[in-house]
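In the text below, chain A, chain B and the rest are named by the order of the sequence lines, each starting its count at 1.
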2 protein chains.
Amino acid sequence: MSVGHTAVTTPPAPGDPVISCDTPQDECGVRDVLDRLGDKWSVYVVVELAAGVRRFKELQRAVPGGISQRMLTLTVRRLERDGLVHRTVHPTIPPQVEYELTETGHSLTHLVKALADWSIAHRPAFTASRAAWDAAHPDSEIR
Amino acid sequence: MSVGHTAVTTPPAPGDPVISCDTPQDECGVRDVLDRLGDKWSVYVVVELAAGVRRFKELQRAVPGGISQRMLTLTVRRLERDGLVHRTVHPTIPPQVEYELTETGHSLTHLVKALADWSIAHRPAFTASRAAWDAAHPDSEIR
DNA sequence: CCGAATCCAACTCGATACTG
DNA sequence: CAGTATCGAGTTGGATTCGG
């Protein structure tokens with residue numbers, strides 16, 4: 001601890017990883033992933049596809065929260081564009097379209113797993129902290 | 001293939017992690033994290049704070065892209081509410097406020113590091129895939 | 001069955017101006 | 001310095017309808 005003004009409860013960065021944003025205006029590269037994973041549905045689609053090939057309707061039913069057709073279409077299209085999902089159209093009647101993860105997409109599942117693990121592990125802390133904050137700031141616009 | 005309608009073409013998941021959304025309407029817990037990390041600035045703030053304690057203005061200068069005062073305030077407030085960042089106010093003149101990661105916040109840096117690593121590793125594939133898709137779908141509304 | 005097209009509500013973000 | 005307040009543009013997501 002010692003001198004100046006920085007009496008912190010935790011040391012600056014004990015064994016923390018150094019995330020190098022070397023070039024200042026570079027964005028560490030995280031923008032690419034987060035722009036995709038940050039939206040409302042992509043993660044759930046990836047999670048479901050991690051379990052195997054799925055048809056459109058199967059995906060729609062599997063995604064928690066009830067995704068609209070429109071949003072599912074948009075989501076899988078964007079995932080396809082980014083090379084995370086492969087789309088196979090069987091020109092049958094009725095039409096049948098299958099979605100599956102590409103190799104890149106599969107590698108992403110490990111990341112999502114890490115995300116889910118962290119989230120589950122810290123959910124109690126999250127909830128508690130939020131409740132405390134909300135109680136201390138009754139009429140705040142944050143949230 | 002065989003019977004029903006659920007004939008899968010690829011093996012469900014070779015060595016992929018199983019992300020258990022056991023309860024169907026549960027959201028695997030990822031929503032909590034992604035709602036925070038998914039916004040435009042939180043990750044950069046966490047990255048910068050991973051390097052040590054920062055004051056408001058220091059943060060603002062450090063974040064790439066040029067964050068407005070308003071957005072920085074909102075971002076750190078939300079991070080504070082979630083228990084990821086601790087805020088210390090020194091009632092001096094001029095005012096001095098220091099931000100630092102909490103223990104939970106520090107544990108998050110490993111996740112962000114994983115995110116950044118994955119992103120950097122797959123950025124070429126991303127870029128290529130997008131370019132190819134865009135070329136194949138010249139006038140699409142996706143993007 | 002899979003999706004495109006349209007319309008609309010809600011939210012996010014940025015710019016600007018002002019305060020203790 | 002570290003915010004708060006206000007306004008407006010842009011984006012996202014949902015509901016609905018229609019088509020191949």
Side-chain angles (χ1 to χ4, degrees), chain A residues 5 27 31 34-45 48-49 53-81 85-100 137 139-143, chain B residues 4-7 27 31 34-45 48-49 53-81 85-100 137-143:
Chain A
H5 57 301
E27 304 185 349
R31 202 46 26 209
L34 285 172
D35 277 352
R36 191 57 41 243
L37 261 44
D39 65 28
K40 196 171 179 181
W41 304 108
S42 293
V43 173
Y44 301 128
V45 170
E48 182 60 22
L49 289 182
V53 177
R54 292 289 183 273
R55 297 181 53 178
F56 187 88
K57 206 75 176 179
E58 289 179 318
L59 264 182
Q60 191 177 11
R61 276 188 291 261
V63 167
I67 186 175
S68 64
Q69 274 192 347
R70 167 184 158 80
M71 287 316 297
L72 183 53
T73 301
L74 284 179
T75 303
V76 293
R77 281 297 183 288
R78 290 197 269 241
L79 289 170
E80 190 192 6
R81 180 169 106 99
V85 160
H86 179 69
R87 179 166 168 270
T88 312
V89 180
H90 300 277
T92 60
I93 295 180
Q96 176 169 349
V97 181
E98 287 178 335
Y99 297 93
E100 64 190 312
H137 306 80
D139 46 354
S140 168
E141 48 158 337
I142 312 289
R143 252 154 260 183
Chain B
H5 58 302
T6 47
E27 304 184 348
R31 204 40 31 205
L34 284 172
D35 277 352
R36 193 55 42 241
L37 261 45
D39 65 29
K40 195 170 178 181
W41 304 108
S42 293
V43 173
Y44 301 129
V45 170
E48 182 59 23
L49 289 182
V53 177
R54 292 290 184 273
R55 296 180 53 178
F56 188 89
K57 206 75 177 180
E58 289 178 317
L59 264 182
Q60 191 177 11
R61 277 187 290 260
V63 168
I67 185 174
S68 64
Q69 275 191 344
R70 167 184 158 79
M71 287 316 296
L72 182 54
T73 301
L74 284 177
T75 303
V76 291
R77 282 294 184 288
R78 291 196 269 242
L79 289 170
E80 190 192 5
R81 181 170 104 100
V85 159
H86 180 69
R87 179 167 168 268
T88 312
V89 180
H90 299 278
T92 59
I93 296 179
Q96 177 170 347
V97 181
E98 289 178 336
Y99 296 93
E100 62 189 314
H137 306 79
D139 46 354
S140 169
E141 49 158 337
I142 311 289
R143 254 154 259 182

Visitor: For A/Arg36, which residues count as a side-chain hydrogen bond (donor to acceptor under 3.5 Å, both in side chains) partner, sequence neighbours excluded?
Guide: A/Asp82
Visitor: Hey, where on DNA chain D does chain A first and last touch, going 5' to 3'? Cut-off is any atom under 4.0 Å from a heavy atom.
Guide: D/dG13 to D/dG20
Visitor: Are there any protein N/O atoms within less than 3.5 Å of an N/O atom in nucleotides 3-5 of chain C, and if so, which ones and at what distance?
Guide:
residue	atom	partner	partner atom	Å
C/dG3	OP1	A/Arg87	NE	3.0
C/dG3	OP1	A/Arg87	NH2	2.5
C/dG3	OP1	A/Tyr99	OH	3.3
C/dG3	OP2	A/Tyr99	OH	2.4
C/dG3	N7	A/Gln69	OE1	2.7
C/dG3	N7	A/Gln69	NE2	3.4
C/dG3	O6	A/Gln69	OE1	3.0
C/dA4	OP1	A/Arg77	NH2	3.1

Visitor: Listed by chain and number, what are the salt bridge (Lys or Arg N to Asp or Glu O under 4.0 Å) partners of B/Arg81, not counting sequence neighbours?
Guide: A/Asp134
Visitor: Please enumerate all residues that pass side-chain hydrogen bond (donor to acceptor under 3.5 Å, both in side chains) together with B/Gln60, with sequence neighbours excluded.
Guide: none
Visitor: Which residues pass the side chain to side chain contact (heavy atoms under 4.5 Å, CB included) test with A/Lys40, not counting sequence neighbours?
Guide: none
Visitor: Give me the bend of the helix from C/dC1-D/dG20 to C/dG20-D/dC1, using the axes of the five pairs at each end, rounded to 10°.
Guide: 40°
Visitor: Going by the rule side-chain hydrogen bond (donor to acceptor under 3.5 Å, both in side chains), which residues pair with A/Glu80 if we only count those two or more places apart in sequence or in a different chain?
Guide: none
Visitor: What residues, two or more places apart in sequence or in another chain, satisfy side-chain hydrogen bond (donor to acceptor under 3.5 Å, both in side chains) together with A/Ser42?
Guide: A/Asp39
Visitor: Not counting sequence neighbours, which residues clear side chain to side chain contact (heavy atoms under 4.5 Å, CB included) with B/Val97? List them please.
Guide: B/Arg87, B/Val89, B/Tyr99
Visitor: Are the charged groups of A/Glu48 and A/Arg54 less than 4.0 angstrom apart, N to O?
Guide: yes
Visitor: List in chain and number order the residues that pass side chain to side chain contact (heavy atoms under 4.5 Å, CB included) with A/Ser68, two or more places apart in sequence or in another chain; answer none if no residue qualifies.
Guide: A/Arg70, A/Met71
